[in-house]
Structures are given as structure tokens and as C-alpha cells.
2 protein chains.
Amino acid sequence: MSPYPGEEASRPTMTAEANRGYANGRARQREILEKAVALFGESGYRGTSLREIAARCGVSHPGLKYHFPTKEALLLAVLEQRDEDDSARMAADDPVGVEGLRRLVEIAALNADRRVVVDLFTSLAAEATTPDHPAHTFFAERYRKVIAATTAAYEHAREQGHLVAGVDPATAARQLLALMDGLQVQWLYDPATDMAGTLRAHIQRQLTVPL
Amino acid sequence: MSPYPGEEASRPTMTAEANRGYANGRARQREILEKAVALFGESGYRGTSLREIAARCGVSHPGLKYHFPTKEALLLAVLEQRDEDDSARMAADDPVGVEGLRRLVEIAALNADRRVVVDLFTSLAAEATTPDHPAHTFFAERYRKVIAATTAAYEHAREQGHLVAGVDPATAARQLLALMDGLQVQWLYDPATDMAGTLRAHIQRQLTVPL
DNA sequence: CCTACCGATCGGTAGG
DNA sequence: CCTACCGATCGGTAGG
């Protein structure tokens, strides 16, 4: 299923030596993804060259293409890997109600130590608003899903009587996620920006219980 | 003062014909800026070539450089022009208190008909978080100024007794601007997003008077 | 994984 | 404003 050679291609006739080579290949792939995250975040997708990424990994640029056949494939691999990491970090698959909102504040707090990741999503989300950008569908889908999940969290909070009267779950969800995105940009320009605290203050004003 | 030749250079010895040429030059400059706004917004600064902009204006790319000596100069001219337009749109130089907050909602409403402008600021603000980007200082300064002005508006509202207890002006200002930025990204992905309405709902919850 | 190469495109300059 | 050019760099490919 993987679109990358050297991974599945050698699997059927795998010997001990091929297996070691396979493990090395995986490590190299992780290294490439790590460097790509940093560079796509710093300079965007369009502003980053495969040669730059390859150089940071100590390989030639066709060497990089041995692991990821095109620049676009590398981009999508980067985004999918980051999404998986974030999902793992969210622990529960569908945190619910006030607990779900608390999770978002925790993520904002964690992000203050992950500039490369914040840089990545901020840069690419803005770059990919054009429909023909290779990451456009990824982000359009991502916004749709995250807004839906956050709306559900607010709805659950309302059912529990934890929501201040007059707060509309769908509107509140869009506000919360817009706030997270906007605070990340402010924080990139001014690291003194308190992302988690500012977010917490916003949510607390919508709740009847302590966050 | 202008860094662009063909504008001041010919001024001292201006004849009727040179004057007409000068007027044509100004019109051409406006056209270049207009096309540059659209392309920088669609593809970012790094993703846009001078040849693309020039082609849309029907000139050669050295022809474009006759008006703007470098790509960077063109970028800064675009940003300065947009800032002037927005300042003019804000009418009063320093809208104050609740009236100042209302102005921000009005701008959000206007922006729903100015995709190119929203695209421009969203793309460039994200791209320019790197300190060596030519627009970095512009945006860092812009955030600083806009946050200060919005904080002042909230403080004025508080003095008038229009602010709900517990709303901190500085925090509220950062929230409001983050919300605007984040909603613009959501709106670029989903034009059904109600930027002005969502913003208005947020502010209304902080006020003791109707917005 | 490498070297060597491709055509395309970039921002900028020379010279008029 | 133009044509013609520069060196640099791009993503991708050939062939091993």
C-alpha cells in the first residue's frame, strides 16, 4: 500500500541483511520527514527545495527521491505523519464536553515548545488555500473534521449544563479554532504571546464550571 | 523620497509630454500593484514570479523592473498601499471604545467581498514569520500596532462601563485579532463561513451594551 | 543510494 | 519601456 519503494518492494524476499537495510531505510525516512517538517515550516512548500532537504540529511537529492518519489508525495507524508502524532497526543479518540475543550488548551500549551510544528501548519494552511495546491484537500478536510468534533464537544457541554446560556456550539467551535490559528501566528511573531492562557480565558467565559 | 525611477526622476524637467508620460506611468504602477496583490495572494511572495506579474500587465519583466527595481520593493509597495487603503477605510484615525470594535466587524464584513486582499494578508503573514523574510518587519510592526490600538478600544469601553466584568483589555485585544485572522483562513477554505457574524457574537458576549 | 544530465524557470543586468 | 543575455536553481530522469 505504501507508495514508496524500498519499503514493500523488498518485503517478499526479505533476508536478514535485507531486513537490516529495511530498518535503515525506515530510519532514513524518519530523518527525511523530520528535516522536511522544519524546512516546509520555515519556508513553506513552494519555498523549500528537495536539494535543501536532501543536504540536511546528508544525501543527494535523487537519493531523497528514492524514498519519496515526488516533492508532493513528501509533503503529504509529512502532513499525515504529523496528524498521526497529534491524534496519539489527544489520547482518547473523541474527547467529549468540557474535557474535550481542556484538551485543546493542553495542545496549545504543548505547541509552545514545538515551533517547527506550529510553523508547518501555519505556513502550509495559508499556502494551500488555493484549490490547486497539493495540500488543499488535506486542509479543507482537516478544518471540516476539527470543526465538527469541536462542535460536538460544545454540544455535549451544553447537555451537561456546563455551557453559559446563548452560546451556540457551532459558532463557538469556529471561534475556538480560529482563535487557536490566529494565536499561533501572533506567537510566531512574538514568542511572549500566551497561547494557552488566552485560549483558556476565552473558553472559561463560555462555561458555568471551572475549566 | 520614492525609490522608483520614472516617478521623481523626470519631475524636475517635466514638460506637457513628460507629464502625460508620468500620468501613464502612475496608471501602469497602479495596474502592476493590482496584479501583484492578486498573485502574491494566490501563490505567496516566494511562489510568484516577476514574469507572471509582468505578463498580466502586458509588459516584459524588465519593463516591470523599470517601475519597481526589485521584487522586494514591489512587495513592500503592495503592503504599504494596502495599509493606506485600509486606514482610509477606517475613516476616523483612532476609533475608540465600542465604536472601534464595531469598525473591526465592519472590516470583516467588507473583507467577504475582497478575497484577493484576504488572501494577500493571510498568505504573507504566514510566510513572513521567518525573520529574514522581506515582509517580516512589516507584519511584526503591524501586529504590535493593531494589538495596541484594539487594547485601547477595550480600555475605553471599560471606562464607559460597557465592558463585562472580568474582561481584560489586552487579552481581549489579542483574542479579537487572532479570531479575525483565523476566521479569514476558515473563510478561504469555506466561503460559507460568516466572518462578521462570528466576530460580532464574540464581541457581544464581552459587552454590556448592544454592539 | 550515486553521478550526470535534462529543460524550464528564476531574479537581475547590459545596452539601447 | 524593449531584446538578449547572465549564472543560479528548480524538480525530475537516465543509468547504473
Side-chain angles (χ1 to χ4, degrees), chain A residues 3-10 17-33 35-36 39-40 43-78 127 132-135, chain B residues 3-10 17-33 35-36 39-40 43-78 127 132-135:
Chain A
Y4 313 123
E7 185 169 330
E8 294 189 7
S10 59
E17 262 181 334
N19 213 338
R20 187 170 24 134
Y22 179 74
N24 287 345
R26 293 283 289 185
R28 182 54 64 107
Q29 280 199 18
R30 275 199 304 276
E31 186 187 4
I32 292 170
L33 288 173
K35 306 298 188 191
L39 281 167
F40 284 154
S43 308
Y45 174 69
R46 293 187 184 108
T48 301
S49 72
L50 295 179
R51 282 169 171 85
E52 263 183 286
I53 301 170
R56 289 213 190 172
C57 299
V59 297
S60 67
H61 96 272
L64 190 147
K65 291 173 75 67
Y66 172 76
H67 294 285
F68 301 94
T70 65
K71 190 183 182 184
E72 187 172 327
L74 176 58
L75 172 65
L76 296 179
V78 161
E127 196 181 311
D132 61 311
H133 191 285
Chain B
Y4 312 125
E7 183 169 331
E8 295 191 4
S10 60
E17 261 180 337
N19 213 339
R20 185 169 28 130
Y22 179 74
N24 286 345
R26 294 282 289 186
R28 181 55 63 109
Q29 281 199 16
R30 274 199 305 275
E31 187 187 6
I32 293 170
L33 288 173
K35 306 298 187 189
L39 282 167
F40 285 154
S43 308
Y45 174 68
R46 293 188 184 106
T48 301
S49 73
L50 295 178
R51 281 168 171 86
E52 264 182 285
I53 301 170
R56 289 214 190 172
C57 299
V59 298
S60 66
H61 96 271
L64 190 149
K65 292 173 74 66
Y66 173 77
H67 294 285
F68 301 94
T70 66
K71 191 184 182 184
E72 189 173 323
L74 176 57
L75 172 65
L76 296 179
V78 161
E127 195 181 311
D132 61 309
H133 191 286

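Here is the naming used below: chain letters follow the sequence lines, and residue numbers restart at 1 for every chain.
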What residues, two or more places apart in sequence or in another chain, satisfy side chain to side chain contact (heavy atoms under 4.5 Å, CB included) together with A/A54?
->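 If we apply the side chain to side chain contact (heavy atoms under 4.5 Å, CB included) test to A/A54, skipping adjacent residues, the hits are A/V59, A/H61, A/L64.
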Contact pattern, 5' to 3', of nucleotides 3-16 of chain D - B, S or - by protein heavy atom under 4.0 Å | BBB----BBBB---
Check the distance between C/dC1's P and A/I53's CD1 and give it to me in whole angstrom.
->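 Computing the A/I53:CD1 to C/dC1:P distance gives 15 Å.
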Nearest-0.5 Å distance, SG of residue A/C57 to CD of residue A/E31 =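 These two atoms lie 4.5 Å from each other.
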Grab the two heavy atoms, one from [X] and one from [Y], that are nearest each other, plus how far apart they are.
| X | Y | value |
| --- | --- | --- |
| B/I53 | B/I32 | CG2-O, 4.2 Å |
| B/K71 | B/F40 | CE-CE2, 4.5 Å |
| B/L76 | B/P134 | CD2-O, 3.7 Å |

Taking only residues two or more places apart in sequence or in another chain, which ones pass salt bridge (charged side-chain N to carboxylate O under 4.0 Å, His left out) with [X]?
| X | result |
| --- | --- |
| A/R46 | none |
| A/R56 | A/E42 |
| B/E52 | none |

Give the stems involving DNA chain C, where a stem is 3 or more consecutive Watson-Crick or G-U wobble pairs (i with j, i+1 with j-1, and so on) under 3.5 Å.
->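 Stem list for DNA chain C: C:1-16 with D:1-16.
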